[in-house]
2 protein chains.
Amino acid sequence: MKRITIEDIARECNVSKSTVSRVLNNSPHVKSSTRKKVLEVMKKYNYTPNILARGLIAKKIGALGVIVSDITNPFHSLLVRGIGDICRTYGYSLFLCNTDGRVDEEIKHVRSLIQRSVDGIIFASIKLKDEGLEEAKKSGIPILLVGRLPEKEEGFNYVIVDNELGGYMAVNYLISLGHRKIAYLSGPWDTWPNIRRFEGYKRALEEAGLSIDKKYIFKGDFTLDTAYSIGTKILMMRDRPTSVFCANDMSAIGLLEACMELGVKVPEEMSIIGFDDIPLSSFRTIQLTTVSQSIYDQGALAGKILLEKLQNEDNTPTQLTLPPKLIIRKTCAPPKEV
Amino acid sequence: MKRITIEDIARECNVSKSTVSRVLNNSPHVKSSTRKKVLEVMKKYNYTPNILARGLIAKKIGALGVIVSDITNPFHSLLVRGIGDICRTYGYSLFLCNTDGRVDEEIKHVRSLIQRSVDGIIFASIKLKDEGLEEAKKSGIPILLVGRLPEKEEGFNYVIVDNELGGYMAVNYLISLGHRKIAYLSGPWDTWPNIRRFEGYKRALEEAGLSIDKKYIFKGDFTLDTAYSIGTKILMMRDRPTSVFCANDMSAIGLLEACMELGVKVPEEMSIIGFDDIPLSSFRTIQLTTVSQSIYDQGALAGKILLEKLQNEDNTPTQLTLPPKLIIRKTCAPPKEV
DNA sequence: ATTTTCAGTGTAACCGATACCAGGTGAAAA
DNA sequence: TTTTCACCTGGTATCGGTTACACTGAAAAT
């Protein structure tokens, strides 16, 4: 079926296509009777302008790209949902790119987004050194980072929550319950969220006058299965910690599973606190105490900031650090021995 | 930063842009020395053709749109991941559209995808009567449906699993374990998956000579919370069923939670079987017996079929019905009384 | 009465590619 | 020596819009 073009509309109205274009763009210099007629004909033929033709001149297409490692990850799907909803209200479309954490894929996606003249790119899972990010920066397309930061964060727009503070709050909460033996189950070690959360962990311990004990630091990778197997090890060690701050909720849930498997009662015999507050954490059977990132809101805010910036052609970087929130549910309690 | 255009390359090479275009499109009629030079200059300037300009002529942009109700739903995120991965291997981009199950949003998204000249649209959560689908059909853009079908399915491309058979297999399995009082916890009633699964339920009961007892039919909506509250009702009724076929995994998990809350042992006192096999179902603490839809594969296959169809300009509808798979885990056992 | 202003519209160039047609070249065939 | 023809290459229209500029005629200003 042939698409209706601006020329078809113009012919039908006995005007030139520039006049139709003016109506399309709400130019004030159109006689109201002409405008009315044009609008009528447009409606009659159900006409919508071709965005590609428009974009060719404007060098933008009313679309953002969002780059995540894996949309299947509930953190990312919530974030993308937030971004997507905002895009919709601004009339923008959204390209979804999964990288699987691979730099080459990320670069490919970035190039393809640039080729498509997207108006902006949101990076949700950059690494500390990120070539894809560099590539995008060179292109001059507005960029915004959510959730995590690269090594050199200067000049970038970003929306994050204060991960250090979140870690601090989590561990402080455990300390306030009376815990002294507090373990840390990490995420991928050289990763921004892990580094920041671990710093919060250390600060809380230091302020409480507790020493950081290497035997209580466990290297995980944010996945359930790894956390499960590390969890079984933690539970079987001789001077077992009374509580574990897990670098993310998935890890916490893996640990929780290990506890169930080994008959260790949570929270009576083991307190567990996570980070992120993914939907799963609030399940009745899990009820994980955790630090909330307000993921959906973070995504929505990120989208909003970038889109506003595009509309106002504002090039000054907006850098937003949101406060985390402690969500107390049922996996933490005072330690038994105290 | 100004983008390099085909003209810049042509000038630098002292050839016309048609020649550059020929190189770009692998035309055989280019002297190999010329081609070499052009390719060098293209590489030197890191040139990539502007997809919008290209798309304006070709009337396509190398992108698909996928319409889901909510990417946060694990079923959809897996499906989209499968579609996205295939798109990537074919060099296509993917527009993500969330409708929240609202028809008006769906129509808006469809229109916007048409405006953007996407090459094809994949619908993942259409309704029985779907105006958005109609709108897309009128536009002539190739369409493919995954996961569920509309009332009139003629002429559409689709990839689904046999939901009726899945329901049949699930219930048959319960029957084979010795269950006679088998309840059905439905999804949204007038919905394709629910209708088909319920039909499977009925067929299995009929073939086994069991009557369909209205008091064992419960109307849910695919959500955890509804299933939980219905679950508590089911567990407290006097002539309680010994097993429940839940229309999806989320409902099954809601019921599972209700059982835990009320101290009903699963599977000893209550057998539960779900449908979908979302990742959550295989968690160690859940171990839900269910009917697998191979969601990721379904998405990948759907994407592949549509993309192949686009490349071959094949207009005959491909209609694929995949077999479901029974995944036996730990929530089903023979009933106590037998 | 003459000039200025400006609302309302058309013309044509342009965005960055593709595609068709035609022209030029040189080697092989006549 | 001329013709033929395959092989390259350039010119130009085109896709569907936007936009700078020019033009018209009527109202406002002088």
Side-chain angles (χ1 to χ4, degrees), chain A residues 1-39 41-42 45-63 111-112 114-119 139, chain B residues 1-39 41-42 45-63 91 111-112 114-119 139-140:
Chain A
M1 194 190 302
K2 188 193 169 300
R3 265 189 67 161
I4 305 290
T5 74
I6 199 172
E7 208 125 20
D8 300 326
I9 302 293
R11 199 177 318 114
E12 177 93 8
C13 297
N14 292 317
V15 297
S16 72
K17 52 181 193 161
S18 37
T19 299
V20 178
S21 175
R22 285 189 192 97
V23 173
L24 231 36
N25 295 288
N26 293 316
S27 156
H29 300 293
V30 180
K31 212 201 294 175
S32 65
S33 64
T34 314
R35 157 169 285 122
K36 186 159 160 266
K37 187 162 156 205
V38 171
L39 286 173
V41 174
M42 288 194 333
Y45 287 99
N46 210 353
Y47 165 77
T48 51
N50 182 323
I51 295 213
L52 284 93
R54 222 179 224 181
L56 188 53
I57 293 188
K59 299 189 191 309
K60 45 185 66 175
I61 48 163
R111 293 211 175 120
S112 139
I114 295 172
Q115 253 188 69
R116 300 195 135 77
S117 309
V118 293
D119 303 29
S139 78
Chain B
M1 194 189 303
K2 188 191 169 301
R3 265 190 67 160
I4 306 289
T5 74
I6 198 171
E7 209 126 19
D8 300 326
I9 302 294
R11 201 178 314 115
E12 177 93 8
C13 297
N14 292 317
V15 296
S16 71
K17 49 183 194 160
S18 342
T19 301
V20 179
S21 175
R22 283 188 194 98
V23 173
L24 231 38
N25 295 287
N26 294 315
S27 156
H29 299 293
V30 181
K31 214 201 296 176
S32 65
S33 63
T34 313
R35 157 170 287 123
K36 185 159 158 269
K37 187 164 155 205
V38 171
L39 286 173
V41 175
M42 288 193 334
Y45 288 99
N46 211 353
Y47 166 78
T48 50
N50 181 323
I51 295 213
L52 286 103
R54 216 176 229 183
L56 187 55
I57 292 190
K59 298 188 190 312
K60 45 184 67 175
I61 48 164
R111 293 213 175 118
S112 137
I114 295 172
Q115 256 187 68
R116 299 195 137 76
S117 310
V118 293
D119 302 28
S139 78

| said: Between B:R22 and B:S18, is there a side-chain donor-acceptor contact under 3.5 Å, judged purely by atom types and distance? | reply: no
Would you tell me if any nitrogen or oxygen in the side chain of [X] comes within less than 4.0 Å of OP1 or OP2 on [N]?
X	N	answer
B:S21	C:dA17	no
B:Y47	C:dG16	no
A:N25	D:dT18	yes

Please list, pair by pair, any protein nitrogen or oxygen found under 3.5 Å from a nitrogen or oxygen in nucleotides 24-27 of chain D.
none

| For the side-chain contact (heavy atoms from CB on, under 4.5 Å) test, which of A:D8, A:N25, A:V38 pairs with A:V20? |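 By the side-chain contact (heavy atoms from CB on, under 4.5 Å) criterion, A:V20 pairs with just one of A:D8, A:N25, A:V38: A:V38.
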| request: When you get a sec, tell me which of C:dC15, C:dT18, D:dG16 is the closest nucleotide to the side chain of B:R54? | output: C:dT18
List every contact pair, protein side and nucleotides 9-13 of chain D side both N or O, where the distance is under 3.5 Å.
residue : atom : partner : partner atom : Å
D:dT9   : OP1  : B:T34   : OG1          : 2.7
D:dT9   : OP2  : B:K31   : N            : 3.0
D:dT9   : OP2  : B:T34   : OG1          : 3.4
D:dG10  : OP2  : B:S16   : N            : 2.9
D:dG10  : OP2  : B:S16   : OG           : 3.1
D:dG10  : OP2  : B:T19   : OG1          : 2.6
D:dG10  : O6   : B:R22   : NH2          : 2.5
D:dG11  : N7   : B:S18   : OG           : 3.3
D:dG11  : O6   : B:S18   : OG           : 2.9

| Contact check, side chains of A:L24 and A:M42, non-hydrogen atoms, under 4.5 Å |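 In short, these two side chains touch, coming nearer than 4.5 Å.
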| field | Side-chain touch A:V15/A:T34, heavy atoms, less than 4.5 angstrom | value | yes
| message | Between the opening five pairs and the closing five pairs of the helix from C:dA1-D:dT30 to C:dA30-D:dT1, how far apart are the helix axes, to 10°? | response |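 The angle, to the nearest 10 degrees, is 60°.
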| query | Tell me: CD1 of A:I57 to C1' of D:dT18, nearest whole Å? | reply |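 In whole Å, D:dT18 C1' lies 4 Å from A:I57 CD1.
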